[in-house]
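Quick notes on the structure that follows.
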Amino acid sequence: MAAPPRGTRTAQMLEYERQADERAREQDAMNEERERMLEEQARMAAEQERIAQEEYEMRQYYEAEALKHAEEVRIHQEEVRRHQDRVRDHERRIRDHEASAEAFAKVIAMPAKPGRDRQTPFITPVDRTGTGLNGNGKTNGA
């Protein structure tokens, strides 16, 4: 078979060109698909990062809230303890007051010993004037 004249394309050459064009189109389609996949992966990574950041912020928020709540509970418990101490102290004072009032009432209610006010002392009063006289012009013991 004779070689075809220069510049003419044979059927085999046309087939090779057609196959090369098809491979180029397939390559372009694969590149476009790869580009879409990379963009989707980038969007997914950004979304995952956003979610992770939100979860971190939520953990920080709830941890801070939990610490605030724990401090509020501690302060409240301290206030309750101080209040209970004051109540116990008050109740103790009331019991002491009632006991002393009861004892005072018993003393008041006791009858006076008969004739106590009218008893004459066996010992003459002690000189408190500094004169040596016991108030009636006599000296003590004379």
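The structure displayed is predicted, hence computed values, not measured ones.
Between E78 and R82 there is a salt bridge, since a side-chain N of the basic residue sits under 4.0 Å from a carboxylate O of the acidic one. With salt bridges taken as basic N to acidic carboxylate O contacts below 4.0 Å, none links E72 and K68.
When the shell of 6.0 Å around CE of M30 is examined, it contains more than 12 heavy atoms from other residues, nucleotides or ligands.
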| field | salt bridge (charged side-chain N to carboxylate O under 4.0 Å, His left out) evaluation trace for D85 with R88 | value | CA-CA 5 Å; D85 289 346; R88 279 192 295 274; 2.4 Å; yes

| request: Please assess H83 against V80 for the test side-chain contact (heavy atoms from CB on, under 4.5 Å), listing each intermediate value before the final yes or no. | output: CA-CA 5 Å; H83 174 73; V80 166; 5.6 Å; no

| request: Kindly indicate, with the supporting measurements, whether the criterion salt bridge (charged side-chain N to carboxylate O under 4.0 Å, His left out) is fulfilled by D96 and R92. | output: CA-CA 6 Å; D96 290 350; R92 182 189 53 78; 3.2 Å; yes

| From CA spacing to verdict: side-chain contact (heavy atoms from CB on, under 4.5 Å), E91, R95 | CA-CA 6 Å; E91 288 172 348; R95 282 192 308 274; 3.8 Å; yes

| field | R23/E26 under salt bridge (charged side-chain N to carboxylate O under 4.0 Å, His left out): CA gap, chis, key distance, verdict | value | CA-CA 5 Å; R23 282 194 303 275; E26 287 174 354; over 6 Å; no

Cut-off 3.5 Å, no hydrogens considered: what does the side-chain donor-acceptor table look like for residues 36-46, sequence neighbours left out?
from : atom 1 : to  : atom 2 : distance (Å)
R36  : NH2    : E33 : OE1    : 2.2
E40  : OE1    : R43 : NE     : 3.4
E40  : OE1    : R43 : NH2    : 2.4

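Side-chain N/O atoms of E57 and Y61 include no donor and acceptor closer than 3.5 Å. In this structure, a donor-acceptor pair under 3.5 Å is absent between the side chains of E49 and Q53.
The CD atom of E65 sits 10.5 Å away from the NE2 atom of H69 when rounded to the nearest 0.5 Å.
Applying the side chain to side chain contact (heavy atoms under 4.5 Å, CB included) rule to V107 yields no partners; only residues at least two apart in sequence or on another chain are considered.
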